[in-house]
Amino acid sequence: MDIQDNVIAEEGEPMEEEAQNSQEEEKSSVYLPGQPLQEGEELICDQSAYIMLHQAQTGAPCLSFDIVKDKLGDNRDTYPLTSYIVAGTQASRTHINNLIVMKLSNMHRTNKESEDDDDDDDEDSDDEEEEELKKPHMAAALIKHQGCVNRTRCTMFNDTVIAASWSELGRVNIWDLSQQLKAVDDPNLLNSYIKGNVGNSVSPLFTFNGHQQEGFGMDWNSTNPGVLATGDCKMDIHIWHPKEAGSWNVDQRPLVGHTRSVEDIQWSPNEPTVLASCSVDKSIRIWDTRAPPSKACMLTTENAHESDVNVISWNRNEPFIVSGGDDGFLHIWDLRRFQHKTPVATFKHHTEPVTTVDWHPTDSSVFASGGSDNQIALWDLSVERDAENVGEEITEIPPQLLFIHQGQTNIKELHWHPQIPGVIISTAESDFNIFRTISI
């Protein structure tokens, strides 16, 4: 799809509906982020560019979340859709924060052109009833959390969904989400859960207080269940290994290498002992935990970005990592050439710090990025510039840029849904967005 289909700016005085429709093409113009709006212009989302687009709000902003893998099946594409997530709040007061387990359901298509309703005669009379039936639902079960949640990640371990949460108070907690997931699936259980204030009395399975500062880096190992890595704002990364009875052995010796805050951590999707990390020290490092912590760093790119490296994502099928930094750049790194310390591709579209990146779970050429410039960009590395268009003004836009999604304020995290093709969930200071574009 052409990114010009995404957002439209309209201008002019209010008109009669019939006249407005007849002049729609004349009054509409393409808007690209960064362009100034003239007086009277307004940004309007082009709904036809989306197969699905929904919003959700949780009161206090949730600046980190993860998608819970469910038992509803993989590669499902039948609407309405359902998704489970766990998110952590960043409330203004430390003592009123929560982990929130949410069930987002009854999410219908929002692209009317793609629906199967062909009976125009019955459409008008049934509109109100149909709209009511198609309203999305959100059920939420809260767990009281000490301090703002800097980051949360979940995994399946011993047939149980567990989540780790990084607290601003410097603690990392592990939680069993079984009770909350049952509650959001059953209105009666959820009502009892809420009325009984059950969430206020839930205790973590395990808590680690060994980090010397709060942190943000956190990732579960997908090939070695129960293994966790956490990184803090000092520079330390600790490796966790599960023990029996819901406990973990955390190596008190941190991995030695970074000199400033560890911002993000990603385990290799294929090698159970290999992970990557990025830091405010501008570096990206590859580690092998089989070595002693002081010698675990295998590969390093010292100046991966011009400033802080905020986020990384490891391609699930190919040896590539994408990184995003405070400089607004996106770099693609080929791990087979990592020692060359030069990215194989670089993109500069975001006008402010990149705060989130995520490779598509199955398409090795597609990834998404988001930033403080209130944009989510979808990229396809398989797209090449058309030689016939070289030199035209449009070539200022990278041909790999498929789509720009806007509408959220200060975007913090996004994730592709691993079981629902093409669906992205994103969180920001303003709200959650759940969407699928026509481009992926």
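- Scanning all heavy atoms of the two residues, the minimum distance from R337 to V344 falls at NH1-CG1, 3.8 Å.
- Not one N or O on the side chain of S277 forms a donor-acceptor pair closer than 3.5 Å with the backbone of I265.
- For K348 and F329, the positive end sits near the middle of the six-membered ring, less than 6.0 Å away and at most 45° from its axis.
- Under a 3.5 Å cut-off, the side chain of D431 and the backbone N or O of A56 do not form any donor-acceptor pair.
- For the 3.5 Å distance criterion, the side chains of H108 and N106 qualify, holding a donor opposite an acceptor.
- Contact between N97 and A91 at its shortest, heavy atoms only, is OD1-N, 2.7 Å.
- Between the side chains of E413 and H415, at least one donor N or O lies within less than 3.5 Å of an accepting N or O.
- Formation of a donor-acceptor pair under 3.5 Å by the W379 side chain with backbone atoms of Q400 is not found in this model.
- Under the side chain to side chain contact (heavy atoms under 4.5 Å, CB included) test applied with I143, the options N98, L177, I100 reduce to a single match, L177.
- No donor-acceptor contact under 3.5 angstrom links the side chains of S167 and H145, judged on distance only.
- Side chain to side chain, D264 and N310 fail the donor-acceptor criterion of an N or O pair below 3.5 Å.
- Side chains of V274 and M298 form a contact here, defined as non-hydrogen atoms less than 4.5 Å apart.
- Judged by distance alone, with hydrogens and angles left aside, the side-chain atoms of D327 form a donor-acceptor pair with the main-chain N or O of E306 at under 3.5 Å.
- Between W314 and S268, the side chains place no donor N or O within less than 3.5 Å of an acceptor N or O (distance only, hydrogens not considered).
- The two residues I67 and P418 have their closest heavy-atom pair at CG2-CD, 3.9 Å.
- Looking at W248, W166, W240 one by one, the single match for ring pair (Phe, Tyr, Trp, His ring centres under 6.0 Å) with F208 turns out to be W240.
- Annotation for L402 and I440: closest pair CD1-CD1, 3.5 Å, computed over non-hydrogen atoms.
- A donor-acceptor contact under 3.5 angstrom links the side chains of H349 and Q375, judged on distance only.
- Between the side chains of D232 and Q212, not a single donor N or O lies within less than 3.5 Å of an accepting N or O.
- The line from OG1 of T110 to NZ of K134 is 10.0 Å long, rounded to the nearest 0.5 Å.
- For the side-chain contact (heavy atoms from CB on, under 4.5 Å) test, residues two or more places apart in sequence or in another chain that qualify with S382 are S365, D380.
- More than 12 heavy-atom neighbours from other residues, nucleotides or ligands sit within 6.0 angstrom of NZ on K144.
- W333 and T301 are not linked by any side-chain donor-acceptor pair at a separation below 3.5 angstrom, with hydrogens and angles left out of the test.
- Judged by distance alone, the side chain of H211 and the main-chain N or O of Q213 form no donor-acceptor pair under 3.5 Å.
- Note on D70 versus K103: no salt bridge recorded, every NZ/NE/NH1/NH2 to OD/OE distance being 4.0 Å or above.
- Within a 6.0 Å sphere centred on NZ of K341, heavy atoms belonging to other residues, nucleotides or ligands number more than 12.
- A salt bridge links R436 to D77: at least one charged side-chain nitrogen sits closer than 4.0 Å to a carboxylate oxygen.
- Side-chain atoms of Q406 and N374 form no donor-acceptor pair, as typed in the model, at a separation below 3.5 Å.
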Would you sort out whether I237 and H258 count as a side-chain contact (heavy atoms from CB on, under 4.5 Å), showing the intermediate values? CA-CA 9 Å; I237 299 173; H258 285 302; 4.1 Å; yes
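- Going from atom CG of N221 over to atom NE2 of H241 covers 8.0 Å, rounded to the nearest 0.5 Å.
- Remark: the D251 side chain and the H238 side chain contain no N/O donor-acceptor pair separated by less than 3.5 Å.
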Starting from the C-alpha separation in whole Å, work towards a yes-or-no answer on salt bridge (Lys or Arg N to Asp or Glu O under 4.0 Å) for R316 and D358. CA-CA 10 Å; R316 293 157 178 83; D358 196 25; 3.5 Å; yes
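- Each of L53, I424, L378 was compared with H405 under the side chain to side chain contact (heavy atoms under 4.5 Å, CB included) criterion, and only L53 meets it.
- Salt bridge R151/E214: absent, no basic N to carboxylate O contact under 4.0 Å.
- In summary, of the residues considered (V86, V101, V202, T152), a side chain to side chain contact (heavy atoms under 4.5 Å, CB included) with W175 occurs for V202 alone.
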Ring pair (Phe, Tyr, Trp, His ring centres under 6.0 Å) between F367 and H360, worked out: CA-CA 5 Å; F367 71 93; H360 191 283; over 10 Å; no
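- T273 pairs by the side-chain contact (heavy atoms from CB on, under 4.5 Å) definition with D288, T289, R290, not counting sequence neighbours.
- Counting all heavy atoms, side chain and backbone alike, L255 lies closest to W287 at CB-CZ3, 3.5 Å.
- If you check the side chains of H331 and S323, you find no donor sitting under 3.5 Å from an acceptor.
- Between the side chains of T300 and R285, at least one donor-acceptor pair of N or O atoms lies under 3.5 Å.
- No side-chain donor-acceptor contact under 3.5 Å links E429 to the backbone of N410.
- In this structure P272 satisfies the side-chain contact (heavy atoms from CB on, under 4.5 Å) test together with T223, N224, sequence neighbours excluded.
- No donor-acceptor distance shorter than 3.5 angstrom exists from the side chain of R109 to the backbone of P80, with no hydrogens or angles considered.
- In terms of modelled atom types and a separation under 3.5 Å, the side chain of S279 and the main chain of S261 share a donor-acceptor contact.
- For the 3.5 Å distance criterion, the side chains of W267 and S222 fail to qualify, holding no donor opposite an acceptor.
- Aromatic rings from Y50 and F403 are positioned such that their centres are separated by under 6.0 Å.
- Residues V423 and M52 meet the side-chain proximity criterion, which asks for heavy atoms closer than 4.5 Å.
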